[in-house]
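All remarks here apply to the structure that follows.
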Amino acid sequence: MLDKIGIAKRIAKEVKNGYYVNLGIGIPTLVANYVRNDIEVEFQSENGVLGMGPFPFEGEEDADVINAGKQTITTLPGASFFDSAISFSMIRGKHVDLTILGAMEVAENGDIANWKIPGRLVKGMGGAMDLVASAENIIVAMMHTNKAGESKLLKRCSLPLTGVGCVKKIVTNLAVLEVTDKGFKLLERAPGISVEAIKEATEGTLIIEGDIPEMDINN
Amino acid sequence: MLDKIGIAKRIAKEVKNGYYVNLGIGIPTLVANYVRNDIEVEFQSENGVLGMGPFPFEGEEDADVINAGKQTITTLPGASFFDSAISFSMIRGKHVDLTILGAMEVAENGDIANWKIPGRLVKGMGGAMDLVASAENIIVAMMHTNKAGESKLLKRCSLPLTGVGCVKKIVTNLAVLEVTDKGFKLLERAPGISVEAIKEATEGTLIIEGDIPEMDINN
Amino acid sequence: MINKKVANVEEALKGVTDNITCMVGGFGLSGIPENAIAQLVKLGIKGLTCISNNAGVDDFGLGLLLQKHQIKKMISSYVGENDEFERQMLSGELDVELIPQGTLAERCRAAQAGFPAIYTPAGYGTEVAEGKETREFDGKMYVLEHAFKADFAFVKAWKGDAAGNLIFKGTARNFNPVMCGAAKITVAEVEELVPLGTLDPNQIHIPGIFVQRIFQGNHYEKRIEQRTVRQRN
Amino acid sequence: MINKKVANVEEALKGVTDNITCMVGGFGLSGIPENAIAQLVKLGIKGLTCISNNAGVDDFGLGLLLQKHQIKKMISSYVGENDEFERQMLSGELDVELIPQGTLAERCRAAQAGFPAIYTPAGYGTEVAEGKETREFDGKMYVLEHAFKADFAFVKAWKGDAAGNLIFKGTARNFNPVMCGAAKITVAEVEELVPLGTLDPNQIHIPGIFVQRIFQGNHYEKRIEQRTVRQRN
């Protein structure tokens, strides 16, 4: 079974040369640390920066240079700052190639729920609804089951949706899955995890064709 | 009867302190020369400049600094350059206070035609349709009659329209008129021009209430 | 040059009354109009409807107005990080309308640019689109979202001049430019009000025509919400 | 940094074929992509649909393509100053669609920003709105105008870097920024390609994400259409 870093490492392999990538808060943020350094990738943050670099050295933090998680960051050569309208032009206009974000639930038709639990405090969707409604290529990074052990890969989402029919791929602590017309297609197993265990943990339709290889999380 | 400079001088008196003004090609362009210099006014040109100054001195022309008439210009302190979308945000968003433009015909309901004569070469509307559709305050500068001596102030425009119900005021070589619900209200006569002569030259409904004063074209 | 300079925040906020709708720039605590918010607190303005991406933290940003119960309604995309906000929302004291961040930006921009409404794909098929008109273009569904109508926009820039021209810094730019000219009166506060002619006309982020009042702010705290650093090797 | 730099105009225009739709930046002759136009002439590309505010003059700008009958259709707001254009239009060789200048800008921006269509008041009640959907918002009438769909956008900037970041100069900016990212492939030519890291991230007009190819152009003539000067006292 993968930990969060393992999930991030596996997703990092989906990041291709020349991609502009938007990373959500949580596991997705970790992905930046594991992208191969022999490819060219630029990270966009929807608060208005393209070409994000690592966190600043202590003492070099700038309150005017943060990411969407409100963390202090740095920029790399070739970076740019822009306003919120232009930022979402990049997103809505499909100029961002890959969006990686967390989820509470994903349905076998590609629906995603990740912003609201009725009865609990709602913090808001931030840029997630714009991202999922626009991106051609959305990868969800999440645990396969919730804290109660219930599957997060469902026939239909039970929580209020963030977007409809938009998720293309899911990487969990147990598996890599593709969203197809017929359901979740199992692509890879996490090291040491059996197909049976994945079946067990998946409420939605699971498509298993042939031998399912084990993931390689190393670049 | 006024000449073009007289019309420009009279219109210049309509330019108030704090106005952002867009000037069309022709007589409107001349207005800038006669605005009182004790008031603050900024000229916007829809190709992307705010704070236009006079023409450059010979040898100081810059191909990258022109107005919408493609003339080389200069800028004044406080000027800014911007793209065409922002330029029309200023216009459509009603941030420009006054638009002065020429016309072939104006109707008593405020319709204006100034871009196309069927059967003749059409050059295009440029920014005129955006300007007349958006501006709160539009003054038309034109001759009262065309070269054939026919009135350009009509009951209904005969030429293809540029905009509907948008003209507020008209300054011609003969008169200053306001567009009202009931028709063209005569406000002022050009020096030496009788009310009769204006009636004669106006096809649309002309409203004459009380004594009509003679224009003062001096600031 | 049309002079937009006012002497101080008192003059800048003249005409602000209870129950107005205002846009407030900033993302998190970055690029927020600290002086205008402090003055709203000082004036004790009540019943505010605030259009702002976030709602500050308990003791900073819009949180200062929430503490004093001056906000009636928040229109935001993300309102975490604020206990008092949570309390008021759950108790029903505070009305909250959550909308997608890009929609928030573009409804401001629509107001600035004279568009009545926009079609965005964001929120289609979700509760955000409930009761709203939807429409298909080229096989994709969009939601009709209307331009905001606001009385005041409070924005913060890095540098500005008396003509109202603004330059922002880094990611403190965020929603500030799209709110300029999107309300009846735009009040810009700047870290540095520079002499006219100092700013390069080619490098102005927001031309002065979108700003009605400008003043130099004081004592910017520029608090950092999440201080993240890396170790030097 | 994602490298957008190509060696020359030949490489920049790879994939351009007959009958494509292209956006061409510039206002009058200011800010036009001189190198890309020259290459289109050289390649003898035919059947072009050009979205461009103007159509050049007889012997410069898009006029060079008109001379060789390479343009099938022009979508512009103003096309005066060009005798050959006039001749082709009147003879029916050239299809011309005239649209308001602000509508032209915003249909580009809609394509750039992922909006399918916009509502603009421009042209309502005129022949420009004929056959188009109209709609009332708050008592005012608007026309629905669709985002452009283009294969290539040819733009010209003052400075740029290998990441595709662009800075424009003066009024040569005009339509260039709104066309970036509004076509499948945006080709930017710059007067000066500066080393990466030279441009201030805070002062970039168009982030490189909107540009697919960038190259340094040669021999900019930058012809002045109306040379107007005043006398020294």
Side-chain angles (χ1 to χ4, degrees), chain A residues 29 45-49 52-75 79 81-92 111-113 115-116 118 121-134 160-166, chain C residues 27-31 53-55 76-81 86 89-90 96 98-106 108-109 112 120-128 140-143 158 168-178 205-206 220-232:
Chain A
T29 302
S45 192
E46 65 267 26
N47 61 313
V49 55
M52 274 190 291
F55 294 144
F57 290 120
E58 190 152 2
E60 293 181 1
E61 313 92 285
D62 183 345
D64 293 330
V65 182
I66 63 171
N67 65 16
K70 284 98 174 180
Q71 297 171 311
T72 44
I73 56 157
T74 59
T75 57
F81 296 112
F82 37 84
D83 68 43
S84 300
I86 293 174
S87 183
F88 283 90
S89 291
M90 293 178 186
I91 291 166
R92 201 185 307 101
D111 289 358
I112 178 173
W115 77 285
K116 184 174 183 177
L121 178 69
V122 182
K123 294 194 172 189
M125 67 292 283
M129 284 195 181
D130 305 274
L131 282 158
V132 301
S134 305
L161 296 182
T162 308
V164 296
C166 51
Chain C
F27 184 99
L29 302 178
S30 186
N53 190 58
N54 311 93
S76 303
S77 88
Y78 193 82
V79 293
E81 343 301 359
E86 183 174 346
M89 185 167 70
L90 293 175
V96 179
L98 293 169
I99 62 174
Q101 194 175 140
T103 301
L104 181 66
E106 206 60 26
C108 291
R109 196 250 172 192
Q112 176 190 66
T120 178
Y124 174 75
T126 77
E127 64 180 51
V128 162
K140 190 175 167 89
M141 295 301 297
Y142 295 83
V143 184
W158 181 35
F168 304 89
K169 178 166 165 273
T171 55
R173 193 183 315 187
N174 56 66
F175 285 85
N176 286 296
V178 296
H205 293 140
I206 280 291
Y220 283 102
E221 180 180 336
K222 301 220 270 184
R223 194 187 293 186
I224 292 174
E225 213 163 333
Q226 303 285 343
R227 188 177 303 270
T228 45
V229 296
R230 72 187 138 134
Q231 299 307 310
R232 287 173 202 275

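Below, chain A is the first sequence line, B the second, and so on; all start at residue 1. Computed from a predicted model, the values in this text were never measured in an experiment.
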Could you state the interatomic distance from CD1 (A/I66) to CD1 (C/I224), rounded to the nearest 0.5 Å?
9.0 Å
Looking at C/P121, C/G28, C/S77, which makes the most heavy-atom pairs under 4.5 Å with chain A?
C/S77
At a heavy-atom distance under 4.5 Å, which candidate from C/V229, C/T228, C/T126 has the highest pair count against chain A?
C/T228
Would you check if the side chain of C/K140 reaches a backbone N or O of A/S134 as a donor-acceptor pair within less than 3.5 Å?
no
Segment of A/A79 engaging chain C (4.5 angstrom heavy-atom cut-off)
neither
Counting heavy-atom pairs under 4.5 Å with chain C, which one of A/A63, A/P56, A/A133 comes out on top?
A/P56
Quick one, C/S30 and A/K70 - any side-chain contact, counting heavy atoms below 4.5 Å?
no
Applying a strict 4.5 Å limit to non-hydrogen atoms, the region of A/V122 in contact with chain C is both
Locate the shortest heavy-atom distance separating C/V178 from A/A85; write the atom from each residue and the value.
CG1-CB, 3.4 Å
On a heavy-atom basis, the closest approach of A/L161 and C/G125 is CD1-O, 3.7 Å
Need one label for C/L29: side chain, backbone, both or neither, based on atoms under 4.5 Å from any heavy atom in chain A.
neither
Are C/K169 and A/D62 packed together at the side-chain level, in the sense that at least one heavy-atom pair is separated by less than 4.5 angstrom?
yes
CG of A/N47 to CG of C/N53, rounded to nearest 0.5 Å, is 9.0 Å
Heavy-atom pairs under 4.5 Å with chain A, option from C/E127, C/M89, C/R109 with the top count
C/E127
The interface call for A/D111 against chain C, heavy-atom contacts under 4.5 Å, is neither
Is A/E46 in contact with chain C via its backbone, its side chain, both, or neither, using a 4.5 Å heavy-atom distance?
both
For A/E61, which residues count as a side-chain hydrogen bond (donor to acceptor under 3.5 Å, both in side chains) partner, sequence neighbours excluded?
C/R227
The interface call for C/E225 against chain A, heavy-atom contacts under 4.5 Å, is both
How many angstroms lie between CG in A/D64 and OG1 in C/T171, if you round to the nearest 0.5 Å?
6.5 Å
Contacting region of A/S45 [heavy-atom separation from chain C under 4.5 Å]
neither
Contact class of C/N176 relative to chain A, heavy atoms under 4.5 angstrom:
neither
Given heavy-atom pairs under 4.5 angstrom as the criterion, report whether the side chain, backbone, both or neither of A/F88 touches chain C.
side chain
Please check this pair: side chain of A/S84 against backbone of C/N174, looking for a donor-acceptor N/O pair closer than 3.5 Å.
yes
A/N67 and C/F27 have their tightest heavy-atom pair at O-CE2, 4.1 Å
Spatial distance of atom OG1 (A/T72) from atom CZ (C/R230) [nearest 0.5 Å]:
10.5 Å
Can you give me every donor-acceptor pair (side chain of residues 123-131 of chain A, partner residue at least two apart or in another chain, under 3.5 Å) with its distance?
from   : atom 1 : to     : atom 2 : distance (Å)
A/D130 : OD1    : C/G102 : N      : 3.3
A/D130 : OD1    : C/T103 : N      : 3.4
A/D130 : OD2    : C/Q101 : N      : 3.2
A/D130 : OD2    : C/G102 : N      : 2.9

Is there a side-chain contact between A/W115 and C/L98 in this structure, where contact means two heavy atoms from C-beta onward sitting under 4.5 Å apart?
yes
What residue in C/F168, C/F175, C/Y124 has the most heavy-atom pairs under 4.5 Å with chain A?
C/F175
Is atom CD of A/E58 surrounded by more than 12 heavy atoms (other residues, nucleotides or ligands) closer than 6.0 Å?
no
